[in-house]
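Working notes for the structure below.
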Amino acid sequence: MKMTQELSEQIEAYIEGSLSGKALTDFEKTIKANPELEEEVKIQTELFNNLRNKKSLDFRKKLIEINKEINDEKASEKSNTFTFWKIAASILILIGISSILWFTNTTSENLFAQYYTPYPIGDIKRGDQTSIDDNFKKVVLNYKKKEYQKVIPFLESTIEKNPNDEQLKLCLGNSYLNTNQLKKAEALFLSFSAESKYYSDAIWFLSLTYLKMEKEEQTISLLEKLSSSNNIHTENAGNLLKDLE
C-alpha cells in the first residue's frame with residue numbers, strides 16, 4: 001500500500017471523526033477491502049489516542065524551542081548569567097505545567113479504564129428471529145474482540161433501517177467511544193429520550209464520553225443525576241463522582 005498525502009489526510013479525518021456521509025461510507029469500504037490499510041488505521045488510532053492532547057504536543061514543541069535557544073546561547077559569546085537563568089526558569093515552569101497536564105490526562109484515562117465496561121452486545125436479539133444471521137454473528141464476535149472499527153459500518157447501516165433499535169444504538173455509541181469518535185458518541189447518546197428504558201445506560205456512557213473529552217462540568221452533572229436516582233449505574237456513578245472530587 002502506497003501512503004499518499006491524500007490517503008494520510010483521509011485516515012486522519014476518519015480517526016478524528018470528521019468524515020461523514022458518502023465520504024465516510026466509501027472510506028470504510030476501502031478499509032474493509034484492504035487489510036494493510038486496516039492495520040495502518042489501527043496503528044494511527046492508537047497513536048492518536050496517545051497524543052490527542054494538543055496541550056501536550058504544544059509542550060513538546062516548546063521544549064524543542066528552548067533546547068534550540070540553549071544551544072544558540074552556548075554558541076554565542078554574548079551568553080550571560082541572566083540569559084541562563086531566564087532559560088532555566090522557563091524550563092521549570094514548563095515542567096510544572098507538563099506535570100499538571102500529565103496528571104490530569106492520566107487521572108481521566110485511568111478512571112475511564114476503571115469504570116468503563118462495553119455495553120453487552122451478546123444479549124441482543126434481532127426482532128423476533130430465533131437465530132441470528134451470519135452477518136450479525138460476525139459483528140458480535142468482532143465487538144467482543146474489541147475490533148470496533150469493523151462493526152461500525154454494519155451497525156450504522158442497520159440503525160439507519162431500524163432507527164428505534166436502541167440497544168444497537170448503544171453498541172454503536174460504544175464503538176464510536178472506543179475509536180475516539182467522541183463527537184459521534186456524544187450525539188448518539190444524547191439522542192435517547194428520558195422515556196427510553198435505556199436512558200440511564202445512554203447517560204452513563206455519555207458521562208464516560210465527557211470524561212474522555214475532559215469535560216469535567218458535564219461529566220459531574222450527569223454523574224450527579226445518575227447517582228441521585230435508582231438505576232443500574234447508581235453505585236458506579238456515585239463512586240466515580242467521589243473519585244473526581
Sequence-distant partners of N230, side chain to side chain contact (heavy atoms under 4.5 Å, CB included), two or more places apart =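 Per chain and number, N230 pairs via side chain to side chain contact (heavy atoms under 4.5 Å, CB included) with no residue.
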Quick one: is the NZ or CZ of K212 closer than 6.0 Å to the six-membered ring centre of F112, and within 45° of its axis?
->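 Positive - K212 is close enough to the ring of F112 and near enough to its axis.
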Does the side chain of [X] come under 3.5 Å of the side chain of [Y] through a donor N or O and an acceptor N or O?
X: E6; Y: T4; value: no
X: E217; Y: Y210; value: no
X: Q149; Y: Y14; value: yes

Determine whether a donor-acceptor pair (N or O, by modelled atom type, separation under 3.5 Å) exists between the side chain of [X] and the backbone of [Y].
X: S196; Y: S193; answer: no
X: N34; Y: E36; answer: yes
X: T219; Y: L211; answer: yes
X: K32; Y: F27; answer: no

Rounded to the nearest 0.5 Å, how far apart are [atom1] of [X] and [atom2] of [Y]?
X: L7; Y: E12; atom1: CG; atom2: CD; value: 12.0 Å
X: F189; Y: S207; atom1: CZ; atom2: OG; value: 9.5 Å
X: S108; Y: L208; atom1: OG; atom2: CG; value: 11.5 Å
X: L177; Y: L172; atom1: CG; atom2: CG; value: 11.0 Å

Salt-bridge test for E147 and K150: reply yes if a basic N is under 4.0 Å from a carboxylate O, no otherwise.
->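 A salt bridge links E147 with K150.
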Residue pairs fulfilling salt bridge (Lys or Arg N to Asp or Glu O under 4.0 Å) with at least one residue in residues 19-28, sequence neighbours excluded =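 Only K22-D26 qualify under salt bridge (Lys or Arg N to Asp or Glu O under 4.0 Å).
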Linking I/L/V/M/F/W/Y whenever their side-chain heavy atoms sit closer than 4.5 Å, directly or via other members, would [X] and [Y] fall into one cluster?
X: M213; Y: L244; result: yes
X: L190; Y: Y176; result: yes
X: I232; Y: L226; result: no

Begin from the C-alpha positions of L155 and E160 and carry the test side chain to side chain contact (heavy atoms under 4.5 Å, CB included) through to its verdict.
-> CA-CA 8 Å; L155 291 176; E160 189 175 350; over 6 Å; no
[Y] and [X], any side-chain heavy atoms less than 4.5 Å apart:
X: Y143; Y: C171; result: yes
X: E40; Y: I11; result: yes
X: L188; Y: L206; result: no
X: Y148; Y: P118; result: yes
X: Q44; Y: E39; result: no
X: F154; Y: N142; result: no

Is it the case that more than 12 heavy atoms not belonging to E235 sit under 6.0 Å from its CD atom?
->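 No, because the 6.0 Å sphere around CD of E235 holds 12 heavy atoms or fewer from other groups.
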List in chain and number order the residues that pass salt bridge (charged side-chain N to carboxylate O under 4.0 Å, His left out) with D243, two or more places apart in sequence or in another chain; answer none if no residue qualifies.
->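 Partners of D243 by the salt bridge (charged side-chain N to carboxylate O under 4.0 Å, His left out) criterion come out as none, since no residue qualifies.
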Quickly, which of Y116, Y198, W204, Y119 forms a ring-ring contact (aromatic ring centres under 6.0 Å, His included) with H233? Name it, please.
->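 The passing option is W204.
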